[in-house]
Amino acid sequence: MADEAVAERAAEPASHDPQKPQGSRSPEAPPRGRERGGERGGERGGDRGDEQAQGEAEAHDGPEAGDDEAAERAKERERAADRIKDLTRDPLAEEDGEDGPTDLAAAARARRAGRKLLTSGRDFTSFDRSRIGHAHIGDINVSLDARRSGVAMRGGPVPEEELRRLRRAHVEPAGYVRLRRALESRRLLVLGGAPGTGRTCTALALLDEVTRVGAGDGGRVRRFDPHQGEGVRGLVGEVNGREGGEGGEGGEGGERRGTGYLLELALDRPGTLPPDEMDLDQLASTLAEGDAYAVVVVSVGSAANPLLAGRYGMVCPPAPSQELVTVRLRERLEEARDHEALERAARIAEDPEVIEAVGLDDLRPAEAELLASLLAEHLLGSLTREELLAGCRGIAAVQAHEWFAGVDRALAAAPSSGDGRTPVRSATAALFHPVAFRIALAVLGGGSHSAVSAAAHLLTWELSVQSDPDSTPSRPLFCDDPESDRALSRARSDNGAIDVAGAEVTGQLIFYRGSALPAAVLAEIWDRHFPVRAPVVRWLRLLADDPRPQVSVRAAVAAGELSVRDFEYGFGELVRPLAEASSPRRRVFAATALDQVAGHASHRKAVRKVVDDWSRYGTASLRWTAAMTLGHGRAADSVDAALDALARIGVRDQGRQLAVASLNVVRLLTLPECATVLRRLGQWAEDRREEYQDLALVTIVRLATTGVDEVLDDEPGTPLGDRGDWPLLLALAVTRPELTGTLADLLWTALNTARSRDVAFDALEALLRSASRGERRERGEGREGGEGRGGGDRMRPGLAALLPALTSDEHDRQQLEWLLRRMMRDQDRPLTTEQASALWRLAVPARQRRSDEEESHG
């Protein structure tokens with residue numbers, strides 16, 4: 001027939017349907033399928049058998065009995081069709097009576113992001129943690145521990161030898177000259193920075209420069225111990241005492257003119273108050289009178305914000321990592337007198353394997369010193385390459401240890417309340433918030449800043465209650481500081497896409513500044529701080545209930561990684577309880593965690609045993625969780641074994657869990673063993689048992705309605721990954737052309753089986769509309785309502801491959817013609833004449849169209 005025939009017939013009223021003279025149905029129902037034999041799978045139980053039985057009944061019992069039986073059979077077919085329709089709905093949207101689809105695509109993206117964040121191949125147990133405070137590798141013994149907040153070094157003069165070494169090795173950060181000029185003009189500088197960023201070295205370098213004309217043998221740069229006085233006020237007394245001593249200007253005090261003082265304040269301890277502006281003004285005035293200088297070092301945070309925003313405050317930027325490593329390498333290789341060694345070391349430092357092992361975007365001074373030592377020792381032959389990489393992997397582990405070691409030591413030695421019995425524990429939430437933020441960032445890194453912050457506050461509560469169960473934690477409402485959170489956690493933020501209600505919007509994302517830190521943080525809290533496990537488990541269970549996939553799925557991946565480190569504990573406290581939950585969201589959490597465990601060869605056998613037992617003997621909830629785990633493809637010995645287990649789950653209890661089983665059969669189609677899955681679908685469709693037929697039919701319809709991005713684990717760059725916005729059926733037809741015939745046969749079966757016909761035609765309509773959306777948008781008509789995936793013109797090759805195989809005879813083409821006419825008559829989303837003609841040309845090649853025209857004219 002001509003290309004325009006479809007459009008012309010669509011304009012005709014239903015009473016003049018050109019199909020009716022041929023004995024077919026009206027446009028409201030598709031033409032009945034004729035049974036095919038041979039390669040299309042033989043007869044399907046359905047219309048023809050029903051009609052034959054109806055005729056026999058009428059001949060035997062009379063017209064009235066035949067009418068009753070026909071009506072009953074019609075009702076039975078209607079019930080079967082309704083059941084198939086119900087089973088093709090989203091099995092994850094059962095909670096609270098929800099009928100709308102869940103965002104499987106967002107969940108798949110969150111799972112990929114979480115796996116990429118935590119699965120880095122690092123083995124932290126290979127690093128010698130018995131002396132975690134030092135990196136002791138070979139002959140290298142470099143102290144890495146930054147001083148814990150609140151534990152300042154003892155006061156006294158800084159030796160000239162230390163100042164000389166500082167002058168030789170210090171790398172000036174960006175804005176160093178501006179810091180020096182501010183100190184020279186104001187005499188006082190409040191320098192803010194995160195611990196370990198070199199802020200103390202920068203403060204000493206500044207004092208060394210401005211006091212270069214020394215204050216005599218007594219020491220021109222001095223550290224002031226804040227425990228000897230009341231912080232800034234104590235330093236005022238120290239300066240006054242030095243200047244106003246018995247010797248006057250010609251005595252001991254006179255020798256101290258021009259002295260530089262370093263004071264490190266710990267403002268993040270409970271009950272500690274920052275100095276006010278008047279105290280700083282008094283100190284600056286005293287310093288000017290004594291021709292002295294002072295740098296007050298504080299950690300960035302909400303408590304220090306007023307200081308850093310005042311006239312004396314400035315932020316200390318970190319020194320550049322590459323220059324730090326180069327300077328340290330030059331020091332280490334000076335004695336070797338090898339002029340080419342520095343270049344070789346630089347090449348090794350840029351080796352992708354070394355960069356991946358370090359896993360930090362920028363290095364702090366002590367870390368740069370350790371890396372330089374490792375590179376130097378490797379060049380000198382003291383370390384093998386394996387030892388070099390092991391030492392590089394340990395750098396992030398040491399940072400994680402520094403963050404968490406002794407955080408609540410101050411709470412353990414809390415002062416008495418005054419009655420001698422009740423201890424005072426104030427501001428525990430403020431103390432634990434930085435710790436909680438680092439853990440939340442390790443679990444949810446790459447997600448939105450608001451999601452990480454909200455999760456951090458939840459964990460802060462859990463940690464506070466665990467530490468002090470008799471008190472209700474309190475936290476100020478307006479003290480959060482995103483910049484402080486990033487600085488104290490070595491984090492960075494960037495704009496990126498966030499999934500919201502099935503759509504992507506631009507928002508602020510937050511990441512660790514280094515791929516090694518998330519796994520290092522989780523390993524630290526799980527392996528070295530056992531009491532923290534209970535609040536973390538409670539917190540992860542709360543995250544499991546979060547409706548946002550970027551939260552719940554990422555938390556599930558992290559739970560899996562934690563379970564790998566102690567499978568007995570993780571399985572008993574996280575996986576098994578949530579696998580038996582009534583909420584589908586919690587069961588998905590357990591399945592995702594189990595699959596993450598199965599990604600480790602050391603635990604894969606155990607996971608497969610658990611999933612197999614659940615699929616055979618488990619409760620309904622455990623079988624449901626087992627099905628979701630099997631869909632990832634790693635919880636069974638083979639794809640055939642996974643399909644056996646899914647079929648066992650799907651057909652049990654009259655198909656109670658057939659929907660979730662079919663969903664996970666579809667997920668297995670993204671694996672290289674796709675042909676095995678399609679072969680098994682064909683076997684189920686031909687099975688004499690109705691429950692297996694239903695499993696096949698529901699899976700086929702679900703295959704036609706599922707998008708690639710909803711089930712794919714691969715990153716973009718793979719044949720399927722580059723077609724994330726395609727329906728999976730069309731993507732497989734293009735990427736696996738050898739399977740196109742099998743795919744068409746399966747879809748034909750669903751289209752020509754009575755109980756699945758309606759939903760199958762709806763699925764085919766969605767596929768056809770997917771190829772017309774691109775043209776519609778190009779003409780400026782906008783998106784069609786309710787359609788989520790785009791790129792229609794890109795999908796046309798998929799339809800061009802599938803439709804000719806699906807419409808191989810005249811009857812199949814009549815069914816396609818009927819469907820196109822129905823789409824053109826749709827009042828809400830009518831298909832245009834051009835679109836219908838284009839789809840017809842895709843389905844019926846030009847040679848076949850000419851043959852049909854000749855037959856019609858003959």
Side-chain angles (χ1 to χ4, degrees), residues 110-111 114-126 129 397 400 404 436 438-445 455 458-459 462-463 466 518-546 551-581 583 585-615 618-619 621-622 624-626 628-630 632 634-636:
R111 181 171 172 269
R115 290 174 58 185
K116 184 177 180 180
L117 185 73
L118 293 174
T119 307
S120 57
R122 291 180 174 83
D123 182 9
F124 288 98
T125 59
S126 67
R129 303 176 70 117
F404 296 100
R438 291 162 187 154
I439 299 174
L441 186 57
V443 172
L444 305 178
L458 284 178
L459 183 55
E462 295 293 342
L463 295 173
Q466 182 77 13
V521 166
L522 294 184
E524 172 68 22
I525 63 170
W526 208 248
D527 294 348
R528 296 182 61 85
H529 304 283
F530 189 87
V532 86
R533 289 188 179 187
V536 168
V537 165
R538 293 195 299 268
W539 174 66
L540 288 173
R541 289 181 178 179
L542 290 174
L543 298 186
D545 295 324
D546 197 294
V551 174
S552 58
V553 176
R554 289 172 186 266
V557 173
E561 284 298 305
L562 292 176
S563 298
V564 170
R565 309 198 73 85
D566 188 344
F567 188 65
E568 177 188 19
Y569 187 93
F571 181 78
E573 297 294 330
L574 277 172
V575 177
R576 179 62 186 258
L578 297 185
E580 294 181 302
S583 164
R585 190 173 291 124
R586 286 196 160 200
R587 297 198 295 267
V588 170
F589 183 99
T592 304
L594 264 183
D595 175 71
Q596 188 67 18
V597 176
H600 295 259
S602 57
H603 291 70
R604 194 168 297 145
K605 183 177 180 180
V607 171
R608 290 175 176 176
K609 177 66 166 58
V610 167
V611 172
D612 185 68
D613 287 347
W614 286 356
S615 69
T619 63
S621 296
L622 291 179
W624 195 99
T625 305
M628 288 301 299
T629 310
L630 288 163
H632 293 296
R634 296 191 292 195

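Quantities reported herein were computed from a predicted structural model and do not represent experimental measurements.
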Exercise. Side-chain contact test, heavy atoms from C-beta onward, threshold under 4.5 Å: evaluate it for L630 versus W614 and give yes or no.
Key: no
Self-check item: Audit row: R608, D612, salt bridge (Lys or Arg N to Asp or Glu O under 4.0 Å) steps and yes/no
Solution: CA-CA 6 Å; R608 290 175 176 176; D612 185 68; over 6 Å; no
Quiz item: So do the side chains of Q596 and V564 get within less than 4.5 Å of each other, counting heavy atoms only?
Solution: no
Practice problem: Could you pull out the closest heavy-atom pair between A400 and A520, with the gap in Å? | Solution: CB-O, 3.6 Å
Quiz item: For V443 and A555, which heavy atoms make the closest approach, and how far apart are they?
Solution: CG1-CA, 3.7 Å
Quiz item: Only one of V575, T592, L594 clears side chain to side chain contact (heavy atoms under 4.5 Å, CB included) with T629; which?
Solution: L594
Self-check item: Which atom of I439 lies closest to which atom of V521, heavy atoms considered
Solution: CA-CG1, 4.2 Å
Practice problem: Calculate, to the nearest 0.5 Å, the distance between atoms OH and CG belonging to Y569 and L562 respectively. | Solution: 10.5 Å
Quiz item: Hey, are D545 and R585 close enough for a salt bridge, meaning a charged N less than 4.0 Å from a carboxylate O?
Solution: no
Quiz prompt | Donor-acceptor pair, side chain of R634 and main chain of D595, under 3.5 angstrom | solution = yes
Quiz prompt | R587 side chain to T625 backbone, donor-acceptor under 3.5 Å | solution = no
Quiz item: Is R565 paired with E561 through a side-chain N to carboxylate O contact shorter than 4.0 Å?
Solution: no
Quiz item: Considering only heavy atoms from C-beta outward, does the side chain of R528 approach that of F404 to under 4.5 Å?
Solution: no
Practice problem: Taking R576 for its side chain and F571 for its backbone only, find out whether a donor-acceptor pair lies under 3.5 Å. | Solution: no
Show which side-chain atoms of residues 529-542 pair as donor or acceptor with protein atoms under 3.5 Å away, not counting sequence neighbours.
from	atom 1	to	atom 2	distance (Å)
H529	NE2	E524	OE2	2.9
R533	NE	W526	O	3.1
R533	NH1	D566	OD2	2.9
R533	NH2	W526	O	2.8
R538	NE	E462	OE1	2.7
R538	NH1	Q466	OE1	3.4
R538	NH2	E462	OE1	3.3
R538	NH2	Q466	OE1	3.1
W539	NE1	A455	O	2.9
R541	NE	E573	O	3.3
R541	NH2	E573	O	2.5

Quiz prompt | Which atom of A591 lies closest to which atom of M628, heavy atoms considered | solution = CB-CB, 3.6 Å
Quiz item: For A581 and S621, which heavy atoms make the closest approach, and how far apart are they?
Solution: O-OG, 3.7 Å
Quiz item: With side chains defined as the heavy atoms from C-beta onward, is the minimum distance between R111 and H632 less than 4.5 Å?
Solution: yes
Practice problem: Would you give the length of the straight line joining atom CG of L543 to atom OG of S552, rounded to the nearest 0.5 angstrom? | Solution: 8.5 Å
Exercise. Please report the shortest heavy-atom distance between A590 and A579, naming the atom on each side.
Key: CB-N, 3.6 Å
